[in-house]
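To start, the structure itself, in structure tokens.
To find a chain, count down the sequence lines: A is the first, B the second, and so on, and within it residues start at 1. Bear in mind that the values here come from a model prediction, so they are computed numbers and not experimental data.
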Number of protein chains: 2
Amino acid sequence: MPKVGMEPIRREQLINATMAAIDEVGLAEATVMRIARHAGVSAGIISHYFGGKDGLLEATMRQILTDLNHAISMRRHALEDNTPRAHIGAIIEGNFDRTQVTGPAAKTWLAFWASSMHKPMLQRLQNVNDRRLYTNLCHQFRQVMPRADARNAARGLAAMIDGLWLRGALTPEGLDADEARHLAHNYLDQLLAYHGCQPRASMTETY
Amino acid sequence: MPKVGMEPIRREQLINATMAAIDEVGLAEATVMRIARHAGVSAGIISHYFGGKDGLLEATMRQILTDLNHAISMRRHALEDNTPRAHIGAIIEGNFDRTQVTGPAAKTWLAFWASSMHKPMLQRLQNVNDRRLYTNLCHQFRQVMPRADARNAARGLAAMIDGLWLRGALTPEGLDADEARHLAHNYLDQLLAYHGCQPRASMTETY
DNA sequence: TTTTATTGATTGAACGTTCAATAAAAAAAT
DNA sequence: ATTTTTTTATTGAACGTTCAATCAATAAAA
């Protein structure tokens, strides 16, 4: 079987297998053997390509964060108008991208989040991502409200997004992405309404 | 050392030691030996009083949920007025009780939450607690808004509370409980304002 | 003397990592 | 074209470690 140029293929296989294994039995029982079996390779190959289990887990988390940021920036670059509402809306939409919220990636993300409390490397990755989200939100809010208000709006919306995400990952039925987006957008409307911004044309209900 | 009636004392010691160990090194590395050392006893005693490590972890999660519910219902019974706003406010305050949000209990709670995804017993405990919070919020909201709105308000506020909680447990500095309460209360005000309720006398800022 | 509480060495299972062996593909030599 | 050599990719058994659970031994209290 050995051909040249297997490395990128195996890396992708193993990262996907890691998410599948964590989705299946959780991080604690996602052993190298189980992950390798998912990818259809032997256990030893993990150390060969990732230096060890920790390297594979780190690479998997990087992949998830990369995908998430990609989903967000794609939507932001596709915007027609440059209003803060549009940008923040795109951030919300990106966070609730179907590929992110459904399936193995969501549970893997939550598992890593919890694990990052005591693993410095994961914590670092988490922090960088958190700060980017906060900074982006803050920058947009500051264009329509004072700085102190913008900071609180950014923190509130970030908490709302995470809360919806986490509840979605935990409910056995999985996240109702539409409802989550609805709640986040309405919260955004409420935050902006206090500063004289018009709500969107559609979806002006109260909840 | 052996005296009669040690059981309740040891159980409490070991549950507290479990939280301390999880706070220190995380659930994955909270071994029975480390927990026992924290409590100043030997490892074997855990199986004696809890039937095994799983029994101790389950008892610890029960304790945390009991404490949380206690903090909430104490505040609700101490209310002077019976308005929905007051009750929901008490639920918020209870959730951000200092003893809950600070220290070992918060990180232990988050660790269990993540772990509950793949451990049926923990998931059951989590579900019961979640449903109680949602039911209580829903019941209060329904007194001032239509049922569909109340359901969404309850889900939104529950997500907000969890999001603030989780972000607090993960930030190295710990949760700023005052800011979290502030954000949650203002979100509550916004939810109620749409249905003709007056905001609280104080704290009518926008964020 | 009997009961209750506790210890800690031992056991067996499970884990991540390592590495010599293997096999296929690619390159070089004939 | 065929054969030989080299390189690359992969395996899986062996190793050392770590963990939870067990239980005979022990010691204090009743």
Residues passing the side chain to side chain contact (heavy atoms under 4.5 Å, CB included) test with T31(B), sequence neighbours excluded, are M33(B), R34(B)
So, with a heavy-atom separation below 4.0 Å from DNA chain C, the residues of residues 115-126 of chain B are none
Residues in residues 50-59 of chain B with a heavy atom under 4.0 Å of DNA chain D, by number, are G52(B), K53(B)
Rounded off to whole Å, could you give me the [atom1]-to-[atom2] distance for the [X] and [N] pair?
X	N	atom1	atom2	value
E7(A)	dA25(C)	CD	P	19 Å
I9(A)	dT10(D)	CD1	P	9 Å
I45(A)	dA9(D)	CD1	C1'	6 Å
E29(B)	dA20(D)	CD	P	11 Å
H48(B)	dA5(C)	NE2	P	7 Å
I35(B)	dT7(C)	CD1	C1'	18 Å
R37(B)	dT6(C)	CZ	P	19 Å
M33(A)	dG16(C)	CE	P	8 Å

Think R10(A) has a side-chain N or O under 4.0 angstrom from the OP1 or OP2 of dT10(D)? yes
side-chain hydrogen bond (donor to acceptor under 3.5 Å, both in side chains) filter on E24(B), not counting sequence neighbours, yields H38(B)
Once you apply a heavy-atom cut-off of 4.0 Å, does T31(A) come out as touching a base, just sugar-phosphate, or nothing?
sugar-phosphate
Would you say [X]'s side chain and [Y]'s backbone share a donor-acceptor pair under 3.5 angstrom?
X	Y	value
N69(A)	L65(A)	yes
T171(B)	G168(B)	yes
T108(B)	P104(B)	yes
W113(B)	A114(A)	no

Nearest-nucleotide pick for [X], side chain only, options being [options]:
X	options	value
S47(A)	dT7(C), dA21(D), dT17(C)	dT17(C)
Y49(A)	dT17(C), dT10(D), dT22(D)	dT10(D)
V32(B)	dA20(D), dT10(D), dA5(C)	dA20(D)

Discussion item. Between Y49(B) and M6(B), is there a side-chain heavy-atom distance shorter than 4.5 Å?
Written reply: yes
- Query: Between N95(B) and Q100(B), is any pair of side-chain heavy atoms under 4.5 Å apart?
  - Reply: no
Step through the shown structure and confirm whether more than 12 heavy atoms of other residues, nucleotides or ligands are within 6.0 Å of CD on E12(A). no
A correct dot-bracket answer for DNA chain D, with pairs being Watson-Crick or G-U at under 3.5 Å, [ ] for crossing pairs and | for inter-strand pairs, is ||||||||||||||||||||||||||||||
Requested in this report: Inspect the contact between R181(B) and D176(B) and indicate whether a charged nitrogen and a carboxylate oxygen are less than 4.0 angstrom apart.
Outcome: no
| task | Could you tell me whether the side chains of H182(A) and D178(A) share a donor-acceptor contact shorter than 3.5 Å? | result | no
Donor-acceptor pairs under 3.5 Å, side chain of residues 119-138 of chain B to any protein atom, not counting sequence neighbours: which ones?
| from | atom 1 | to | atom 2 | distance (Å) |
| --- | --- | --- | --- | --- |
| T135(B) | OG1 | R131(B) | O | 2.7 |
| N136(B) | ND2 | R132(B) | O | 3.3 |

